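Let me begin by presenting the structure, written as structure tokens, before commenting on it.
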Amino acid sequence: MNLISKTRFEENMATRDPPWVKAIVLTLGLGFFALFLIAPLAAVFIEAFRKGLNLYVSALTEPEARSAIRLTLTAAAIAVPLNVLFGVAAAWAITKFEFRHKQTLITLIDLPFSVSPVIAGLVFVLLFGAQGWFGTILSDHGIKVIFALPGIVLATIFVTVPFIARELIPLMQSQGTEEEQAALVLGASGWQMFWRVTLPNIKWALIYGVILCNARAMGEFGAVSVVSGHVRGLTNTMPLHIEILYNEYQFSASFAVASLLALLALVTLGLKSFVEWRGALRPHHQHAEGHS
Amino acid sequence: MSIRVQSVSKTFGSFRALDNINLDLEPGKLVALLGPSGCGKTTLLRVIAGLEWPDQGRIIIDGRDTDAVHARERQVGFVFQHYALFRHMTVFENIAFGLRVKAKDERPSEADITARVRELLNLVQLDWQADRYPAQLSGGQRQRIALARALAVRPKVLLLDEPFGALDAQVRKELRKWLRQLHDELHITSIFVTHDQDEALEVADQIVLVNQGRVEQVGAVQDVYDHPATAFAYKFLGGANRFEGVINGGHLMVGNTPLKLEGLVPANGTRAEAFARPYQVTIANNITGAESAIPITIQRATIRGNMVRVDATHAQTPQQVYEVELTREQWRGSGQTCGQPAFLLVGSLRAFAIQ
């Protein structure tokens with residue numbers, strides 16, 4: 001690293017801008033954040049407490065709200081581990097093996113990002129709904145997918161599939177396979193190689209992916225809305241519950257539940273920064289450094 | 001332990017990386033697999049280690065056919081060009097890895113592991129670095145740790161893939177000497193891949209010269225250098241003056257000059273080439289008659305220590321350059337100066353037909 005790049009950008013004569021440029025850029029940037037991010041977030045909490053703490057607490061503890069919270073947590077608890085499994089497997093396959101149609105798999109992983117969540121939900125209705133392809137088989141065996149927990153979990157998995165794989169693939173690509181080969185030659189089994197070499201190397205990226213995946217799993221609205229059927233106390237997740245409350249003019253209750261989701265988002269952000277900070281502490285790129 | 005490579009071939013797509021390789025390596029030797037980049041030497045090393053599977057042929061280590069033996073059971077030590085140290089483990093844990101992953105009944109006790117790691121850290125002279133992470137070490141230190149890690153499991157053979165390739169010149173020289181000393185202590189059968197002829201000449205007992213997926217020559221270092229078996233061996237190892245021409249009546253006609261030949265002479269009319277090292281030719285003012293003499297013009301003389309390197313060009317075709325190595329005395333005795341016409345005296349050479 002050279003000395004020049006260590007000088008702060010604004011203190012370097014060559015890259016220093018006139019003060020008015022700095023002022024405009026700062027105002028634009030910070031103003032945007034204040035208007036579009038901080039203000040709505042503040043509004044959620046202000047609205048939630050507008051009618052007092054009692055109503056806030058009762059809005060969160062009434063049976064339907066508790067059922068919605070429980071359902072959201074259950075769906076995330078199933079969807080996130082499954083996506084960890086799939087994400088690690090997909091990233092492993094893509095970065096450690098050579099096979100045909102690799103690019104297709106990479107593109108497919110991105111599909112949930114490019115498809116509207118409503119369509120994702122509809123797809124599952126078409127597949128597993130009463131009139132769907134597998135509808136008759138499922139109802140014959142007494143299995144209910146749509147308008148029930150399985151459908152909600154499926155929709156959640158679909159929407160959150162890319163988060164972990166996309167976090168891992170670039171990292172694993174840059175790390176290559178030499179450490180794994182070294183482990184093999186030293187006598188490690190495939191399992192030992194994965195647990196002792198691969199997993200520790202991708203640990204922080206994986207945690208980062210899990211955090212993002214979890215946040216999206218709990219906050220998903222569109223896809224879940226299509227498959228849930230909005231049965232109160234049964235198939236309503238938190239985002240759906242919030243919408244119903246709002247449509248029934250129970251603004252404070254609606255914002256109370258919303259504040260819980262917002263709080264979750266804030267905790268997620270905090271965790272995310274912590275993981276980024278932790279991950280940056282440990283130097284990851286030994287090859288990129290100078291030799292000897 | 002001995003290593004035998006029997007008619008091993010390997011292709012990647014349409015690229016023939018290894019073409020019917022046969023090798024017999026004696027136990028306890030330090031062998032250099034030498035060749036230009038892309039010649040298949042690294043592939044051969046990886047096939048021996050079990051990191052690649054040959055399309056044909058067999059690898060026999062210590063008399064045992066490794067056909068069905070997975071890399072993890074071959075008991076080979078492998079050192080990678082870019083070290084491949086486990087970046088999240090300390091130096092200590094890196095070296096201990098091979099011992100820790102052993103099956104329960106074979107795994108040494110924690111005390112034995114510690115003792116073994118300490119012993120290896122001493123061997124590679126880095127005992128004060130045990131608690132560091134690989135990223136905190138220099139390139140040369142990393143490669144020594146990688147070597148210690150490979151040795152921890154007491155492998156039957158040690159395979160090193162361009163072990164000094166990623167290091168700068170100074171460190172490379174030190175590590176070469178160090179590897180040679182280490183081998184003299186341990187006597188473990190070792191193969192190292194290199195494209196650097198100096199490295200091979202300096203470090204190895206034996207050289208295996210590889211070109212385009214084939215073995216060109218195998219032999220003791222000095223033998224291969226002094227008696228190259230093929231045109232490639234001449235060109236790649238040591239460098240030499242090249243004489244190209246047509247075979248005529250048992251001579252190689254270079255321009256109008258017939259060069260005397262020895263050994264197997266290609267048929268009349270064949271285009272052929274012959275080689276002579278810079279120290280195998282001399283300069284003279286006039287032809288004595290007994291030797292082959294090529295008319296040259298002396299361009300430049302560079303003095304290094306007691307040696308004088310003379311650069312000359314062919315008198316008629318100046319794009320043809322020759323290099324001569326003389327002692328100071330010989331150079332002074334020849335009475336030559338730059339820009340003068342003279343003769344290049346060449347002894348009997350071996351001619352190789354040009355395909």
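In what follows, chains carry the letters A, B, and so on, assigned in the order in which the sequence lines appear, proteins first and then strands, with residues in each chain numbered from 1. Not measured: the values here are computed from a predicted model.
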Here the gap from B:Phe86 atom CZ to A:Asn201 atom CG, rounded to the nearest 0.5 Å, amounts to 9.0 Å

Against chain A, label B:Ala152 side chain, backbone, both or neither, depending on which of its atoms sit under 4.5 Å from a heavy atom there.
neither

Ignoring hydrogens, what is the shortest heavy-atom contact between B:Phe80 and A:Gln181? Give both atom names and the distance.
CE2-OE1, 3.4 Å

When you compare the side chains of B:Arg100 and A:Gln192, does any donor N or O come within less than 3.5 Å of an acceptor on the partner?
no

Does CZ belonging to B:Arg64 count more than 12 external heavy atoms closer than 6.0 Å?
no

Counting only heavy atoms from other residues, nucleotides and ligands, does the tally under 6.0 Å from NZ of B:Lys173 exceed 12?
no

Which of B:Gln141, B:Arg74, B:Arg149 touches chain A most, by non-hydrogen pairs under 4.5 Å:
B:Arg149

List the atom of A:Ala182, the atom of B:Ala84, and the distance in Å for their closest heavy-atom pair.
CB-O, 3.9 Å

Check this for me: B:Trp53, atom CH2, are more than 12 non-hydrogen atoms of other residues, nucleotides or ligands nearer than 6.0 Å?
yes

Under 4.5 Å to a heavy atom of chain A? For B:Phe97 that would be side chain

For the student: nearest non-hydrogen atoms of B:Val76 and A:Val185, plus distance:
O-CG1, 3.2 Å

d(A:Thr177 OG1, B:Leu51 CG) to nearest 0.5 Å is 9.0 Å

Nearest 0.5 Å, please: how far is CG in A:Leu184 from NE2 in B:His70?
5.5 Å

How far apart are the closest heavy atoms of B:Val101 and A:Arg196, and which atoms are they?
CG1-CD, 3.8 Å

Where B:Arg72 and A:Ala188 come nearest, the two heavy atoms and their spacing
NE-O, 2.9 Å

Between B:Arg46 and chain A, with a heavy-atom cut-off of 4.5 Å, which part of the residue counts as in contact: side chain, backbone, both or neither?
side chain

Is atom CZ of A:Phe113 surrounded by more than 12 heavy atoms (other residues, nucleotides or ligands) closer than 6.0 Å?
yes

Nearest 0.5 Å, what's the CG-CD distance between B:Asp161 and A:Glu178?
8.0 Å

Does atom NZ of A:Lys96 have more than 12 heavy-atom neighbours from other groups under 6.0 Å away?
yes

